Amino acid sequence: MKPIGYWLNRTDHAITHYMQNTLGEFGLTRLAWQVLNVVGDGGEVPDTEVHSVLFANAPEADRSTAIALVLADGWAQRPSPDHLALTDEGRDRLVKIAAQVNTFREVSLTGITDDEYRTAVSVLERMTQNLESRA
């Protein structure tokens, strides 16, 4: 049996590869998609919240680049300084992507029960908490 680190890296690579291919046709990266998910329909979201939520996903420079991408491509706007909100066009475009993202979820969870998924997430969460509490 290969160690968990091996599978975490392989899984992250597989997710990123699949999502980059899926989202690329819309001009998005996986990280830009994650920015849009943080912003969601929550009105104005401070940049600090986006950075905080995505802290573990990428270095700050990459997060800033993803924010710049969603702004430049019209997915989001700045209703006030250092705050993001989806544009009407961004919301409409996200609806078009939803079917492909749902397909990704179905493909990635094929043969995995809801209980197995919850267990896997719970175990990874506890491992992370164990290690971060000692850092």
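The first residue in the sequence is number 1, and the count goes up from there. All figures in this text were calculated on a predicted structure; none of them were measured in a lab.
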Nearest heavy atoms of S80 and E44, plus distance in Å: OG-OE1, 2.6 Å

Distance-minimising heavy-atom pair for T87 and G74: OG1-O, 2.6 Å

Beyond-backbone contact of R10 with K2, side-chain heavy atoms, under 4.5 angstrom: no

Distance-minimising heavy-atom pair for N130 and S133: O-OG, 3.0 Å

Check: R93 and L86 side chains under 4.5 Å, non-hydrogen atoms: no

Flag side-chain contact, heavy atom, 4.5 Å: F104 against I15: yes

Exercise: do H13 and N9 side chains pair donor with acceptor under 3.5 Å: no

Side chain to side chain, I4 and L124, heavy atoms closer than 4.5 Å: yes

V107 with F26, same ILVMFWY side-chain cluster at under 4.5 Å: yes

Residues I97, T22; criterion side-chain contact (heavy atoms from CB on, under 4.5 Å); working and verdict: CA-CA 9 Å; I97 297 174; T22 298; 5.7 Å; no

Main-chain N/O of R118 paired to S122 side chain as donor or acceptor, under 3.5 Å: no

Side chain proximity check, W33 to L94, heavy atoms < 4.5 angstrom: yes

Backbone of E49 reached by a side-chain donor or acceptor of H51 within 3.5 Å: no

From I112 atom CD1 to T119 atom OG1, the distance as rounded to the nearest 0.5 Å: 11.5 Å

Shortest non-hydrogen contact from R63 toward A58: NH1-O, 2.5 Å

Distance-minimising heavy-atom pair for D73 and G27: OD2-O, 3.6 Å

Heavy-atom pair with the smallest gap, counting every atom of V39 and A85: CG1-CA, 3.7 Å

T11 side-chain N/O to L8 backbone N/O, donor-acceptor pair under 3.5 Å: no

W75 CH2 to E89 CD distance, which is reported to the nearest 0.5 Å: 8.0 Å

Backbone N/O of T48 and side chain of S52: donor-acceptor pair under 3.5 Å: no

Min side-chain heavy-atom separation T65-L69 under 4.5 Å: no

Any donor-acceptor N/O pair, R105 side chain to V101 backbone, under 3.5 Å: no

Side chain proximity check, L36 to L28, heavy atoms < 4.5 angstrom: yes

Spacing of CG belonging to D47 relative to CZ belonging to R78, to within rounding of 0.5 Å: 4.0 Å

Value rounded to 0.5 Å, distance of CD1 in I67 from CG in D62: 11.5 Å

Reported CG-to-CD distance for the pair N21 and Q100, which is rounded to 0.5 angstrom: 11.0 Å

